[in-house]
Enquirer: 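Before I ask anything, here is the structure I am working with.
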Amino acid sequence: MRHLSVNVDYVAVIRESRKTVEPDPVFAAGIVEMAGAHGITAHLREDRRHIVDRDVRMLREVVKLPFNLEMAATDEMMSIASEVVPDQVTFVPEKREEITTEGGLDVVRNRGKLERMVHHLKSRGIVTSMFIDPDLEQIEMSKLIGSDCVELHTGEYANAKTQEEAKKHMESLKKGAVFGLEMGLEIHAGHGLTYKNISGITPVEEISGYYIGHSIMARSVYVGLDNAVRDMLALLAGQVR
Ligand code: PXP
């Protein structure tokens with residue numbers, strides 16, 4: 001069974017656009033849970049532009065589903081993760097000027113730091129994942145530093161302008177997924193996935209988890225969050241709605 005972890009950052013984006021108290025990503029997480037998703041994800045950015053510390057603490061407390069905290073590999077984030085103890089930490093690269101996460105993490109270059117962080121989180125019982133491009137060297141290094149999972153960046157696939165280009169990126173995701181699974185990693189995928197383009201990725205059987213935010217939240221504006229989550233779950237289960 002493929003799992004779907006729904007990213008609730010965009011609920012906080014709307015709230016922060018007015019610096020008010022609604023909509024609340026914690027409420028949204030409750031609806032996502034009742035709709036049948038398998039996990040909740042939130043990205044606490046260094047600049048707190050959407051998710052804030054209170055959200056992370058409350059999500060941990062309120063949500064019964066596995067809670068995946070996306071964060072940069074910094075001392076500040078490590079101290080929050082150690083205190084909150086999410087079920088999973090996904091390390092992501094972070095640049096202040098980007099609109100959303102661009103490009104995968106360079107695990108090879110940051111090997112020493114990430115290895116220490118993974119070791120520390122694992123000692124607290126937290127599952128670890130690396131958000132990386134489907135690059136075999138990055139996948140191998142993720143395993144070597146002790147990560148449990150990798151989340152393969154699907155942004156290039158999602159942004160492909162032609163079918164041939166999409167096919168090329170899908171093949172590289174497949175190759176990475178096969179290699180990662182062989183190495184003993186759990187394989188996830190995320191970024192830019194939509195109700196339209198997900199069908200090009202679901203044939204990659206090695207991918208066991210999907211991390212999706214924007215597209216689900218966009219659809220929820222029209223059909224409600226409950227329906228939006230159920231529609232994506234149906235696509236992942238191969239039952240088109
Ligand atoms: N996975 C990671 C690591 C991300 O940074 C993001 C975006 O916050 C997502 C998945 C979800 O991407 P999207 O919002 O495009 O579905």
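Quantities reported herein were computed from a predicted structural model and do not represent experimental measurements. Both counts, for ligands and for their atoms, begin at 1 and track the order of listing.
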Enquirer: Any idea which atoms of ligand 1 are less than 4.0 Å away from a heavy-atom of Y10?
Expert: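 It comes down to these atoms of ligand 1: 14 (O).
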Enquirer: Select one of side chain, backbone, both or neither to describe which atoms of H153 lie under 4.0 Å from any atom of ligand 1, heavy atoms only.
Expert: neither
Enquirer: Any nitrogen or oxygen of G213, main chain or side chain, under 3.5 Å from a nitrogen or oxygen of ligand 1?
Expert: yes
Enquirer: Can you find an N or O of E151 that's nearer than 3.5 Å to an N or O of ligand 1?
Expert: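 Yes, at least one N or O pair falls under 3.5 Å.
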Enquirer: Side chains of T41 and N7: any donor to acceptor distance under 3.5 Å?
Expert: no
Enquirer: Quick one: does T90 get within less than 4.0 Å of ligand 1, heavy atoms only?
Expert: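 No; T90 lies far enough from ligand 1 that no heavy-atom distance drops under 4.0 Å.
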Enquirer: Taking the six-membered ring for Trp and the single ring otherwise, decide whether the centroids of Y10 and H43 are under 6.0 Å apart.
Expert: no
Enquirer: Below 4.0 Å from any atom of ligand 1, is there a heavy atom belonging to G192?
Expert: yes
Enquirer: Looking only at distances, can you tell me whether any N or O atom of H43, backbone or side chain, sits closer than 3.5 Å to an N or O atom of ligand 1?
Expert: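 No: no nitrogen or oxygen of H43 is under 3.5 Å from one in ligand 1.
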Enquirer: Just which atoms of ligand 1 are under 4.0 Å from any heavy atom in H214?
Expert: 13 (P), 14 (O), 16 (O)
Enquirer: Which of the numbered atoms in ligand 1 are below 4.0 angstrom from a heavy atom of N7?
Expert: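 So the atoms of ligand 1 that pass are 8 (O).
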Enquirer: Apply side-chain contact (heavy atoms from CB on, under 4.5 Å) to I145 and list each qualifying residue two or more places apart in sequence or on a separate chain.
Expert: V107, R111, L114, E115, V118, M130, M141
Enquirer: Please enumerate all residues that pass salt bridge (charged side-chain N to carboxylate O under 4.0 Å, His left out) together with K19, with sequence neighbours excluded.
Expert: E16
Enquirer: Can you list the atoms of ligand 1 that are under 4.0 Å from a heavy atom of V92?
Expert: 3 (C)
Enquirer: Pick whichever of H191, E70, H50 has a heavy atom sitting closest to atom 2 (C) of ligand 1.
Expert: E70
Enquirer: Using the rule side chain to side chain donor-acceptor pair (under 3.5 Å), only one of T128, N68, D148 pairs with Q88; which is it?
Expert: N68
Enquirer: Tell me if a side-chain donor or acceptor on H191 pairs with a main-chain N or O of T154 at a distance below 3.5 Å.
Expert: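 Flag not set: sc H191 to bb T154 has no pair under 3.5 Å.
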Enquirer: Strictly distance-based, threshold 3.5 Å: is any side-chain N or O of N227 a donor or acceptor partner for the main-chain N or O of G224?
Expert: no
